[in-house]
Amino acid sequence: KIMIEINFDKKIKEYDSVLIVLFNKNEVLYVKNMKRKWELTGGKAEAEESLFETASREAFEEGGVEISEKDFRNIGYYVLPDGHTTVITTSTIETFAEIPKHSETVERKMMKRPMEKELLSFPDELYDCVFQKLGWPNE
């Protein structure tokens, strides 16, 4: 089991990647990676990109969705044992398009509840902690 240090309600200037929890009404978008299993969208930051630009690019590349800056929130970050740092963000999906042909995503699914751990690429506690922080699902 990988130990992850999660920090909510704290901002960080230096980071390697971004995780984006994408909402449409009360559902969350999961994407199926061609080499792994199901996961939330996210990916590596590119030089000179803002946090929103990275999240927006990754949301489109992996999920075929566009997001709005007005609903975009940075809710914290996590650090893996090797020091890799990922900012945790959320946004509302503005529009759905086709998943780009060059994407590593083969399928996408909107879920009303968290996906079962055995179906996930990363079955650690991270998503549980993030969903708890966001109050989702909120039934």
Side-chain angles (χ1 to χ4, degrees):
K1 181 172 149 103
I2 298 174
M3 287 305 299
I4 300 174
E5 172 200 338
I6 305 174
N7 299 279
F8 287 117
D9 303 319
K10 291 183 182 167
K11 305 289 191 264
I12 193 167
K13 285 189 173 30
E14 300 286 317
Y15 56 90
D16 303 295
S17 56
V18 62
L19 173 72
I20 318 117
V21 184
L22 294 167
F23 285 95
N24 184 35
K25 298 183 176 72
N26 195 34
E27 295 184 324
V28 166
L29 177 71
Y30 282 85
V31 293
K32 187 161 198 248
N33 182 287
M34 66 171 57
K35 295 185 181 115
R36 297 186 296 261
K37 294 181 182 179
W38 289 93
E39 50 202 53
L40 299 176
T41 56
K44 288 189 173 50
E46 292 181 0
E48 308 304 314
E49 274 184 331
S50 70
L51 183 62
F52 176 75
E53 288 167 340
T54 299
S56 182
R57 176 180 52 76
E58 289 291 346
F60 188 77
E61 285 177 4
E62 292 188 359
V65 298
E66 293 183 4
I67 61 175
S68 155
E69 198 156 9
K70 72 177 169 50
D71 292 324
F72 182 71
R73 286 177 41 228
N74 172 350
I75 63 163
Y77 64 95
Y78 66 90
V79 183
L80 296 177
D82 66 3
H84 184 98
T85 303
T86 300
V87 176
I88 306 165
T89 66
T90 71
S91 191
T92 303
I93 296 170
E94 288 276 301
T95 57
F96 286 88
E98 291 294 315
I99 295 169
K101 296 277 181 267
H102 66 275
S103 180
E104 52 195 39
T105 298
V106 293
E107 192 181 341
R108 69 181 174 202
K109 187 181 286 192
M110 297 302 303
M111 300 284 291
K112 289 183 178 358
R113 306 193 53 73
M115 194 170 277
E116 298 80 29
K117 282 219 187 319
E118 60 273 8
L119 300 178
L120 298 175
S121 295
F122 313 107
D124 53 35
E125 305 306 310
L126 175 66
Y127 289 2
D128 295 341
C129 293
V130 171
F131 293 149
Q132 186 175 2
K133 170 70 180 165
L134 294 172
W136 182 83
N138 58 2
E139 58 241 1

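Keep in mind it's a predicted model, so treat the numbers as computed, not measured. Note that the numbering runs from 1 along the sequence shown for the chain. Hydrogens, waters and symmetry mates play no part in the numbers below; they use all other heavy atoms, side chains included.
- Environment of CD in E118: crowded, with over 12 heavy atoms of neighbouring residues, nucleotides or ligands closer than 6.0 Å.
- In summary, of the residues considered (I20, T41, I99), a side-chain contact (heavy atoms from CB on, under 4.5 Å) with E62 occurs for T41 alone.
- Residues A55 and T89 approach most closely at CB-OG1, 4.4 Å, considering heavy atoms.
- Other residues, nucleotides and ligands contribute more than 12 heavy atoms inside 6.0 Å of the NZ atom of K11.
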Problem - Working for salt bridge (charged side-chain N to carboxylate O under 4.0 Å, His left out), residues D128 and K117 - result: CA-CA 10 Å; D128 295 341; K117 282 219 187 319; 2.6 Å; yes

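- Cluster annotation: V31 and F131 are assigned to distinct hydrophobic clusters (Ile/Leu/Val/Met/Phe/Trp/Tyr, side-chain heavy-atom contacts under 4.5 Å, transitive).
- For K35 and E104, the salt-bridge test fails: no basic side-chain N is under 4.0 Å from an acidic carboxylate O.
- S17 and G43 make their closest contact through CB-O, 3.0 Å (heavy atoms, listed as atom of the first residue, atom of the second, distance).
- At a threshold of 4.5 Å between non-hydrogen side-chain atoms, the residues L120 and K37 do not count as touching.
- Note that CG of L29 and CD of E39 are 11.0 Å apart. Values are rounded to the nearest 0.5 Å.
- Note that the CZ atom of R108 and the CG atom of L22 stand 11.0 Å from one another [nearest 0.5 Å].
- For the atom pair NZ of K133 and OG1 of T90, the computed distance is 11.0 Å after rounding to the nearest 0.5 Å.
- Atom CG of L134 and atom CZ of F8 lie 7.0 Å apart (nearest 0.5 Å).
- Listed for the D71 side chain is no donor-acceptor partner under 3.5 Å among the backbone atoms of R73.
- Enclosure of atom CD in E5 by more than 12 non-hydrogen atoms of other residues, nucleotides or ligands within 6.0 angstrom is indicated.
- Listed for the T85 side chain is no donor-acceptor partner under 3.5 Å among the backbone atoms of Y15.
- Considering only heavy atoms from C-beta on, N74 comes within 4.5 Å of L51 through its side chain.
- By the 4.5 Å heavy-atom criterion applied to side chains, V21 and V130 are counted as neighbours.
- Partner of E27 under the salt bridge (charged side-chain N to carboxylate O under 4.0 Å, His left out) criterion, out of R113, K109, K112: K112 alone.
- Residue S91 holds its OG atom at 11.0 Å from CG of N24, rounded to the nearest 0.5 Å.
- For W38 and Y30, the distance between ring centers is not under 6.0 angstrom.
- Looking only at distances, no side-chain donor or acceptor of T105 sits under 3.5 Å from a matching main-chain atom of N33.
- Residues I75 and D9 form no side-chain contact, since every pair of their non-hydrogen atoms from C-beta on lies 4.5 Å or further apart.
- Checking side-chain atoms of E49 against main-chain N and O of E46 turns up a donor-acceptor pair under 3.5 Å.
- In the displayed structure, E107 atom CD is contacted under 6.0 Å by more than 12 heavy atoms of other residues, nucleotides or ligands.
- Contact detail for D16 and G83: the closest heavy-atom pair is OD2-O, 4.0 Å.
- Inter-residue side-chain proximity for V87 and L19 is flagged as unmet; no heavy-atom pair is nearer than 4.5 Å.
- F60 and M110 end up in different hydrophobic clusters when Ile, Leu, Val, Met, Phe, Trp and Tyr side chains are linked at under 4.5 Å.
- Under the 4.5 Å side-chain heavy-atom criterion for grouping Ile, Leu, Val, Met, Phe, Trp and Tyr, V28 is connected to F122 within one hydrophobic cluster.
- Between the CD atom in E66 and the CD1 atom in I93 there is a gap of 11.0 Å [rounded to 0.5 Å].
- Under the 4.5 Å side-chain contact rule for hydrophobic residues, F23 and L126 share a cluster.
- Of all heavy-atom pairs spanning S50 and E53, the tightest one is N-OE1, 2.7 Å.
- At distances below 3.5 Å, not a single donor-acceptor pair connects side-chain atoms of T86 with backbone N or O atoms of H84.
- The pair R57-E61 counts as a salt bridge, with a side-chain nitrogen and a carboxylate oxygen less than 4.0 angstrom apart.
- For the residue pair I67 and A59, the shortest heavy atom distance occurs at CG2-CB, 4.2 Å.
- Side-chain atoms of P114 and W136, non-hydrogen and from C-beta on, do get closer than 4.5 Å to each other.
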